[in-house]
Structure formats: structure tokens, C-alpha cells
Amino acid sequence: MGVSKLGQWRVLGVAVASLCVVAGASAAGAASAPSGAPIRIGLLAPLTGSGGAYGKEEETAAKAAAAHINAHGGVLGRPLEIIVADDETTPTAGVSAARKLIDVDGVVAITGVWSSAVALAVRPVALEKSVALLPVGSADELTEGDNKGLVWRFQTNGKNWGQAFANVAYKDGARTASILVLQTPFTLSTVKPFADRFAQQGGKVLDTLYFNPNQPSYRAEVEKIFSKKPDAVFLPSYIPEFSAIVREIYRSGYESKLYTFSHAADSGGKFVQNVGKAAAEGVNHVQATPVGNNASYQLYLKQTQQPEGTIVAFGANVFDEINVLALAIEKAKSAKAADFSKEIANVVNTKGPDVHDPVQGLQLIRAGKPFRYSGATADFRFAPNGDQVDLDYGHYRVLNGVSKLVGTTK
């Protein structure tokens, strides 16, 4: 997966040194500040609604990435400006906010877009207006059909994530499994891939049960799924519902192994805060990697002032989005989506030394030298349809209140 750990830390040293220069606000840094008209990038984030737990981390990440790039000269001699809009985690509000970002604010790209339902609603608007769309939603449909080369997903898709969960559960010793799934486009897209892959390996799915967001109680669903005592329960959900369900599981004393997304079972420690160390103990979660010692991820944590070891999926996704956009715009020598969208895959798919700091990548573009950007959340490549491919997934387990990496899978 790219450079060695020693190489990663050498690159990290360069990144940290760059941060020190920024923090010092030296006269040389001020002199290099971009002076042209800003390049406006929209961030459509779930600041309220059911995704409200994740919106602020997206906003912080986008602004931190832009600030780091602007402090070193910007892109095409122009600063990046992040325009933030709240999609309220609903398609109607998301479309309204996207239209304002495009028609009023004049953004060249829309990033963030956490909810798959919102992303699916916004996609036709972006395509109509020829604006690049870089969502973190995982519903498979986002990259299907003719996207005019404008849609690039900065997250694994539902199919691959479901298969990764099946690999992890089976490798963990599970031979029977049940599925308890929140009804959203993204979470539902992981169910069949999990069931098919688990069966291919010799496992058996006992039951599949669906639940709705914000239910007053999940007791009936928990009793139905866990009373059959499956070896594993796959629970695709988000942190509010997952926390409520885990509290119910703990009160009822069920012992089946539990598997969910890292954004539900970690989120910078929020899950353990919600349910307590005892209830969280042994919960398994899966996320595209690398994180931890990866130099791009370490740069993200430094820029957003988060402690080392923090696992924050969506913020790091958005950090990658802004970095890749900056590199693609510089490489295309154009801030028009029709031009720079053609370079998005090129800054991560081409051969060359791995770069973990976008500032270094911008310098190499200007010098005409090859490189490839290695992401904070995953050392990904892009497929022609805009999906991320060639991903590794980390298997984490909550032990004594802390998420520990216990394995990896494709």
C-alpha cells in the first residue's frame, strides 16, 4: 500500500515542518499568499438532521485543507474559498442548498454530501449545471449511468463495504449471521453483498430485519434478531440508532458478535461516550484504511487539531476531496469543472512517488514532475465510473473503551 512506514514518517516530517511555517505566520509566508479571485468550492454538509453528528467534522476538514493550501500560495495563484451549506440530511433541503451554492455562490464543485439520499437528489442538479460532485455517500447508484465525468465518490461503495464485512465476520469465526439494518439507501446497499459473500464462504444468514431512524424503542427488533443466537450480527447503521441499539443489547445480555461501520462505532470516541465502556466492549467496526500512521491522515489530524489515534472517517474523506480538487485544478490549469474533472483520476492513478501533502503535489505539478496523491482515509485509485477501487479495509474492535486495529481485508 504505497510507501514504507519509514517513508511515510519522512513525508510526515516534511508536512509537520510545513505546518510549523504556517503557524509562525512568517513574512515569507505572507508574501506567498494568493491574490487572485477565489476559487469557490461548495461543502454540502449535514449540519442538522439525522447526520448532524458528522457535519461539523466535514466543515472543519474542508476549511483546514483550504487553509493549508492557501498558506502556501493557493491554486493557480488564487485562494480556495469553502462555501458551507446545510443539507439538513434531507433531499429537499439538499437540492435547495445545492442550487444556491451553484447559482448564487458560483461554486465549481460540491463536496461533502454525506447522505446517499441527498447525493442522489443533488446529482441531477450538478450534472445539469456542469458542476463537479464529490460525495462521500456510498449508495451504489451514485456512480451508475452517464455522469459526464463529473461524479467522483470519496468513499467505498455499498457493495464493496458489505463484502468486506462478510470477510471480516467469517474470518472472525462466525458461521451464522443475522442482519439488522437501518433503512437508508446507503445502509440497504450493503445487505445483499454481505449476505452473498458470507454464503459463498460457507456461512448462513439466519434472518434480516429492517428498522427506521429515530424509533422510540428497538427492543422488539433486538429480541427477534439476537434470540436466535447468531454468531455475528451485521448492523449497518449510524451512530444515533446504533448507540440506542447497543444499549438495548447490553441490557438484554445478548452475546453475539456485533459488526458495524467505524463512523457508527467510533466517531472520535463519541460511541463509547454514548453507551459506556462496558456496553461498547468487543464491538467490531470496519473502515477503509489507511489511518493511524499514514502520513496523509496524520496531516489531517494535525491540521484539524485532533489527537493522534483519532478515527474520523468523513472528515478525512472531505480533506481528501479538497486536496484532490486543488491538484486537479492546478494540473488542468483551469477552474472549470469540465476541464479539471478530467484530471481528478490522474492525480491518484498515475505512476510516480506517493505524495501525502497537497502542497508538495502542487509544487511537483508546477515543476512538471510525476507523483500520485495517497489519500488520508484510503490509498485509493479511481475506476472509470468514479468509484474508488483497490481499497483495504481495517477491522477494528473496541477494547477497554478504545478502538484497536485487529486485522485487514480487501
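These numbers come from a predicted model, not from an experiment.
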Task: Side-chain heavy atoms of Glu330 within contact of Leu76, under 4.5 Å - done: yes
Task: CA sep, side-chain torsions, deciding dist, call: Thr409, Lys171, side chain to side chain contact (heavy atoms under 4.5 Å, CB included) - done: CA-CA 9 Å; Thr409 188; Lys171 185 178 179 181; over 6 Å; no
Open item on the list: For Phe186 versus Ser116, what's the shortest heavy-atom pair and its separation?
Closed with: CB-OG, 3.3 Å
Open item on the list: Are Val107 and Glu81 packed together at the side-chain level, in the sense that at least one heavy-atom pair is separated by less than 4.5 angstrom?
Closed with: no
TODO: Output yes when a side-chain donor or acceptor of Arg247 lies under 3.5 Å from a complementary backbone atom of Gly276, and no otherwise.
DONE: no
Open item on the list: Using modelled atom types and a 3.5 Å cut-off, is there a donor and acceptor pairing between side-chain atoms of Thr260 and backbone atoms of Leu235?
Closed with: yes
Open item on the list: What I'd like to find out is whether the side chain of His285 reaches to under 4.5 Å of the side chain of Ser403, using heavy atoms alone.
Closed with: yes
TODO: Kindly indicate whether the side chain of Phe261, heavy atoms from C-beta on, has any atom under 4.5 Å from the side chain of Phe242.
DONE: no
Task: Check: Asn70 side chain, Ala66 main-chain N or O, donor-acceptor pair, under 3.5 Å - done: yes
TODO: Indicate yes or no for a side-chain donor-acceptor contact from Glu57 to the backbone of Phe314 under 3.5 Å, with no hydrogens or angles considered.
DONE: yes
TODO: Kindly say whether Thr89 contributes a backbone atom to a donor-acceptor pair with the side chain of Asp87 at under 3.5 angstrom?
DONE: yes
TODO: Measure the OG1-CG distance between Thr111 and Leu325 for me, rounded to the nearest 0.5 Å.
DONE: 7.0 Å
TODO: Look at atom OH of Tyr250 and say whether more than 12 heavy atoms of other residues, nucleotides or ligands are closer to it than 6.0 Å.
DONE: no
TODO: Would you confirm whether Arg99, through its side chain, and Val125, through its main-chain N or O, come within 3.5 Å as a donor-acceptor pair?
DONE: no
Open item on the list: With rounding to the nearest 0.5 angstrom, report the CG to CG distance, Leu180 to Asp207.
Closed with: 9.5 Å
Open item on the list: Please report the interatomic distance NE2(His263) to CD1(Ile239), rounded to the nearest 0.5 Å.
Closed with: 9.5 Å
Open item on the list: Please tell me whether Asn167 and Gln201 have a donor and an acceptor in their side chains that are separated by less than 3.5 angstrom.
Closed with: yes
TODO: State the CG-NZ distance between Leu133 and Lys148, to the nearest 0.5 angstrom.
DONE: 13.0 Å
Open item on the list: Less than 4.5 Å apart, side chain to side chain, heavy atoms only: is that true for Pro213 and Glu241?
Closed with: yes
Task: Heavy-atom closest pair, residues Gly394 and Thr289 - done: N-CG2, 3.2 Å
- [ ] State, with a plain yes or no, whether a side-chain heavy atom of Leu150 is found less than 4.5 Å away from one of Val131.
- [x] no
Task: Interatomic distance, Thr60 atom OG1 to Gln303 atom CD [nearest 0.5 angstrom] - done: 12.0 Å
TODO: Please indicate whether Arg366 has more than 12 foreign heavy atoms, meaning atoms of other residues, nucleotides or ligands, lying under 6.0 Å from its CZ.
DONE: yes
TODO: Consider only side-chain N and O atoms of Asn160 and Tyr393, and report whether a donor and an acceptor are under 3.5 Å apart.
DONE: no
Open item on the list: Hydrogens and angles aside, do Asn323 and His68 bring a side-chain donor and acceptor to less than 3.5 Å of each other?
Closed with: no
Open item on the list: So Asn349 and Arg372, do their side chains get closer than 4.5 Å, heavy atoms only?
Closed with: no
TODO: Of all the heavy-atom pairs spanning Leu142 and Pro135, show the shortest one and how long it is.
DONE: CD1-CG, 4.2 Å
TODO: Identify the heavy atoms of Leu299 and Pro358 that sit nearest to each other, and give their distance.
DONE: CD2-CD, 4.0 Å
Open item on the list: Quick check on side-chain contact (heavy atoms from CB on, under 4.5 Å): which of Val348, Val347, Thr143, Asn346 does Phe382 satisfy it with?
Closed with: Val348
TODO: Determine the minimum heavy-atom distance between Leu44 and Gly94, stating which atoms define it.
DONE: CD2-O, 3.8 Å
TODO: Enter the distance from Asp320:CG to Gln388:CD here, rounded to the nearest 0.5 Å.
DONE: 7.5 Å
Open item on the list: Quiz question: by atom type and distance under 3.5 Å, do the side chains of Tyr300 and Gln306 form a donor-acceptor pair?
Closed with: yes
Open item on the list: Quick one: does any side-chain atom of Asn317 pair with a main-chain N or O of Arg153 as donor and acceptor, under 3.5 Å?
Closed with: no
TODO: For the pair Arg175 (side chain) and Lys204 (backbone), establish whether a donor and an acceptor sit closer than 3.5 Å, ignoring hydrogens and angles.
DONE: no
Open item on the list: Which residue is it: Tyr259, Phe165, Tyr170? I am looking for the one with a ring-ring contact (aromatic ring centres under 6.0 Å, His included) to Phe234.
Closed with: Phe165
Task: Ring geometry between Phe380 and Phe154 (parallel below 30°, tilted from 30 to 60°, perpendicular above 60°) - done: perpendicular
- [ ] Considering only NZ, NE, NH1 and NH2 on the basic side and carboxylate oxygens on the acidic side, decide whether Glu221 and Lys224 come within less than 4.0 Å.
- [x] no
- [ ] State, yes or no, whether a side-chain contact exists between Leu47 and Val84 at a heavy-atom distance under 4.5 Å.
- [x] yes
- [ ] Assess the side chains of Asp140 and Ser189: does a donor N or O sit below 3.5 Å from an acceptor N or O?
- [x] no
TODO: Without swapping roles, check the side chain of Lys257 against the backbone of Asp172 for a donor-acceptor pair under 3.5 Å.
DONE: yes
Open item on the list: Please determine whether a side-chain nitrogen of the Lys or Arg among Lys229 and Asp231 lies less than 4.0 Å from a carboxylate oxygen of the Asp or Glu.
Closed with: no
Open item on the list: Ignoring hydrogens, what is the shortest heavy-atom contact between Arg123 and Asn147? Give both atom names and the distance.
Closed with: CD-OD1, 3.3 Å
TODO: Kindly say whether Val406 contributes a backbone atom to a donor-acceptor pair with the side chain of Arg397 at under 3.5 angstrom?
DONE: no
